[in-house]
Colleague: 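Structure in structure tokens, see below.
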Amino acid sequence: MRDLELANRLLDSFSRIAGVITTKNLDYQARLSRILEVILEYLRVEHGSLMVLERKKYLVVRAASRRKILGHEQTLEDESFVASWVARNREPLFIKDISKDKRFGGQNRGNYRRNSLLSIPILHQGKVLGVINVTDKIGHRDLLQEDITRLFDFSIIIVSLLVQENLQQNHRRQQRILRERNRELRHQETLRAELSQMLAHDLKGPLSEVVANLDILSYTVSEENREFLDSAQLGCDRAVRMVSNLVSIGKIEDGKLMPIKELVEPGPMLAECLSAIKGMARIKEVELILEVEADLPRIVLDRILILRVLQNLLTNALGYCPGNTTIRFGCRRVVDKKQLEFYVQDQGPGIQPAKHSTIFEKYARISDKQDVLVGTGLGLYFCRLAVEIHRGRIGLESEPGKGSRFYFTLPL
């Protein structure tokens, strides 16, 4: 009968501990305290503690019958503590008479009413997760060696809670690290954006002066020096375009740039674009052919933004086209749709299919080719943003060795 009674008490204790572990109404430390209460009640001992290994080398009291020792820490290397020895050696320790153990002399001895003490490690896959300590048996019988088995039985159940907490702590630590890294990345991105805006703002003045002075020189320069002037104007135009792209991209991304729309005739706008870009084409020895479909309707758009889109696409085509080739650009109606399509078609090397999906992303570049007309990878990104705020769509048709056709459609 006694064995059956002990078995029932043990099963009841296991069930209560399992219930504590699975409950959602208690925090981690409260669960450990409830579990320790069940263990002490089953063993009929008055005092005990449950210590958890933290930060790899500290045993911390997370549950205790004597609440004043909660949070107490001891290192694994400290030989003056029983729990440290147990954790370090991964073995249980039963001390029948603590009065004869040097670790319990003086003040420490006064904390115990009975002579025996039992301490066992909580193990998981060969690693120590914590230590259970019990002492001061209630009644006439003191702790016995056989109580070690019961404590090990309880430790097996506790393992699941400690492993779960370790996983949650690791998860929280990883989340904290990710949050810190994200904050740092956002800070760096803000600094880069502010620097770009500052540089763009500061460059506007000097560039405007250079452009104005070059324009004045164009009326007096000799023909033998015309090539140098054209190159200088080409470089300034590229710099002005890059600065304008930086400023506009920042404003569009922040939602601070709204298109100033007006009713525009496509033909004259394309002719204006041709006039602005023909100097570059002459230097590159590339022929520009303007194609405008007859009777095109007028369209409402931000003329300055769309002009810059067309200039970006044309300059991009010039940057990759070899000499003695042709670039066709123009505008046409989209069949069965209330849309106009603007396009730039070159006879350059073409673009690999793998790059089609990313070509309009920020800082994306068609190739590693270096050219005075090839920029930083912001030109096509600006084109996409400018077209999209017009509720349009930009795209690409290209095959390696067969040139490229960039196009964008705008609603009428």
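Only a predicted model underlies this, so the values are computations on that prediction, with no experimental measurement involved. The figures here come from the full heavy-atom set of this structure, side chains too, leaving out hydrogens, waters and symmetry mates.
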Colleague: Is it the case that more than 12 heavy atoms not belonging to Arg181 sit under 6.0 Å from its CZ atom?
Modeller: no
Colleague: How far does NE2 of His72 sit from CG of Leu59, to the nearest 0.5 angstrom?
Modeller: 9.5 Å
Colleague: How far does CG of Asn133 sit from NE2 of His47, to the nearest 0.5 angstrom?
Modeller: 13.5 Å
Colleague: For a 4.5 angstrom cut-off between non-hydrogen side-chain atoms, does Leu161 reach Tyr28?
Modeller: yes
Colleague: Identify whether NZ of Lys or CZ of Arg in Arg150 sits under 6.0 Å from the centre of the six-membered ring of Tyr42 and within 45° of that ring's axis.
Modeller: no
Colleague: Tell me if a side-chain donor or acceptor on Thr23 pairs with a main-chain N or O of Val20 at a distance below 3.5 Å.
Modeller: no
Colleague: Working to the nearest 0.5 Å, report the span between CG of Leu270 and SG of Cys331.
Modeller: 6.0 Å
Colleague: Please check this pair: side chain of Arg62 against backbone of Gln29, looking for a donor-acceptor N/O pair closer than 3.5 Å.
Modeller: no
Colleague: Indicate the ring-plane relationship of Phe408 and Phe342, choosing parallel, tilted or perpendicular according to the 30° and 60° boundaries.
Modeller: parallel
Colleague: Counting distance only, does the side-chain N/O of Thr325 pair as donor-acceptor with the main-chain N or O of Gln347 below 3.5 Å?
Modeller: no
Colleague: Answer yes or no: is there a side-chain heavy-atom contact under 4.5 Å between Leu53 and Tyr58?
Modeller: no
Colleague: Are any of the side-chain heavy atoms of Arg66 and Ser49 separated by less than 4.5 Å?
Modeller: no
Colleague: With no hydrogens and no angle check, is any side-chain donor or acceptor of Asn316 less than 3.5 Å from a backbone partner on Asn312?
Modeller: no
Colleague: Nearest heavy-atom pair of Arg31 and Leu26: which atoms, and what distance?
Modeller: NE-O, 3.1 Å
Colleague: Considering all heavy atoms of both residues, which atom of Cys383 and which atom of Ile394 are nearest to each other, and what is their separation?
Modeller: CB-CD1, 3.8 Å
Colleague: Closest heavy-atom contact between Leu162 and Leu129?
Modeller: CD1-CB, 3.8 Å
Colleague: Does atom NZ of Lys278 have more than 12 heavy-atom neighbours from other groups under 6.0 Å away?
Modeller: no
Colleague: Can you give me the closest heavy-atom contact between Ser155 and Ile122, atom names plus distance?
Modeller: O-CG2, 3.9 Å
Colleague: Ignoring hydrogens and geometry, is there a side-chain-to-backbone donor-acceptor pair from Thr409 to Gly392 under 3.5 Å?
Modeller: no
Colleague: With a 4.5 Å limit on heavy-atom distance, are the side chains of Leu410 and Ile306 in contact?
Modeller: yes
Colleague: Does some side-chain heavy atom of Val128 sit less than 4.5 Å from a side-chain heavy atom of Leu123?
Modeller: yes
Colleague: Which pairs, with at least one residue in residues 340-352 and sequence neighbours excluded, count as a salt bridge (charged side-chain N to carboxylate O under 4.0 Å, His left out)?
Modeller: Arg332-Glu341, Glu341-Arg405
Colleague: Among pairs that include at least one residue of residues 155-165, which meet salt bridge (charged side-chain N to carboxylate O under 4.0 Å, His left out), considering only residues two or more places apart or in two chains?
Modeller: Glu165-Arg172
Colleague: Does Lys337 have any side chain to side chain contact (heavy atoms under 4.5 Å, CB included) partners at least two apart in sequence or in another chain, and if so, which?
Modeller: Val334, Gln339
Colleague: Quick one: does Leu301's side chain get under 4.5 Å of Arg303's, heavy atoms only?
Modeller: yes
Colleague: Run Met269 and Leu310 through side-chain contact (heavy atoms from CB on, under 4.5 Å) and show every step you take.
Modeller: CA-CA 10 Å; Met269 182 178 67; Leu310 289 165; 4.2 Å; yes
Colleague: Which heavy-atom pair separates Ala87 from Leu76 by the least distance, and what is that distance?
Modeller: CB-CD2, 3.6 Å
Colleague: Indicate yes or no: at least one non-hydrogen side-chain atom of Leu288 is less than 4.5 angstrom from one of Ile327.
Modeller: yes
Colleague: Between Phe382 and Val309, does the side-chain contact (heavy atoms from CB on, under 4.5 Å) criterion hold? Intermediate values first, please.
Modeller: CA-CA 8 Å; Phe382 161 76; Val309 170; 4.1 Å; yes
Colleague: Got a sec: does the CZ of Arg391 have more than 12 other heavy atoms crowding it under 6.0 Å?
Modeller: no
Colleague: Drop me the distance from Glu293's CD to Leu340's CG, to the nearest 0.5 angstrom.
Modeller: 8.5 Å
Colleague: Under 3.5 Å, side chain of His356 to main-chain N/O of Gly395, donor-acceptor pair present?
Modeller: no
Colleague: Would you say Asp136 and Val45 make side-chain contact, with heavy atoms under 4.5 Å?
Modeller: no
Colleague: So Ile157 and Ile35, side-chain contact (heavy atoms from CB on, under 4.5 Å) or not? Walk me through it.
Modeller: CA-CA 10 Å; Ile157 303 179; Ile35 290 171; over 6 Å; no
Colleague: Distance check, rounded to the nearest 0.5 Å: Glu285 atom CD versus Cys321 atom SG?
Modeller: 13.0 Å
Colleague: When you measure from the side chain of Arg384 to the backbone N and O of Glu361, does any donor-acceptor pair fall under 3.5 Å?
Modeller: no
Colleague: Counting only heavy atoms from other residues, nucleotides and ligands, does the tally under 6.0 Å from CD1 of Ile260 exceed 12?
Modeller: no
Colleague: Using a strict 4.0 Å threshold on nitrogen-to-oxygen distance, state whether Arg9 and Asp12 make a salt bridge.
Modeller: no
Colleague: Considering only NZ, NE, NH1 and NH2 on the basic side and carboxylate oxygens on the acidic side, decide whether Glu77 and Arg88 come within less than 4.0 Å.
Modeller: no
Colleague: May I have the step-by-step check of side-chain contact (heavy atoms from CB on, under 4.5 Å) for Glu41 and Arg16, ending in yes or no?
Modeller: CA-CA 12 Å; Glu41 180 182 334; Arg16 290 167 61 190; 3.2 Å; yes
Colleague: Enter the distance from Phe94:CZ to Leu151:CG here, rounded to the nearest 0.5 Å.
Modeller: 11.0 Å
Colleague: If you take all heavy atoms of Ser13 and Phe154, which pair is closest and at what distance?
Modeller: CB-CE2, 3.7 Å
Colleague: Using modelled atom types only, decide if a donor and an acceptor are shared between the side chain of Ser84 and the backbone of Thr75 within a distance under 3.5 Å.
Modeller: yes
Colleague: Strictly distance-based, threshold 3.5 Å: is any side-chain N or O of His390 a donor or acceptor partner for the main-chain N or O of Asp302?
Modeller: yes
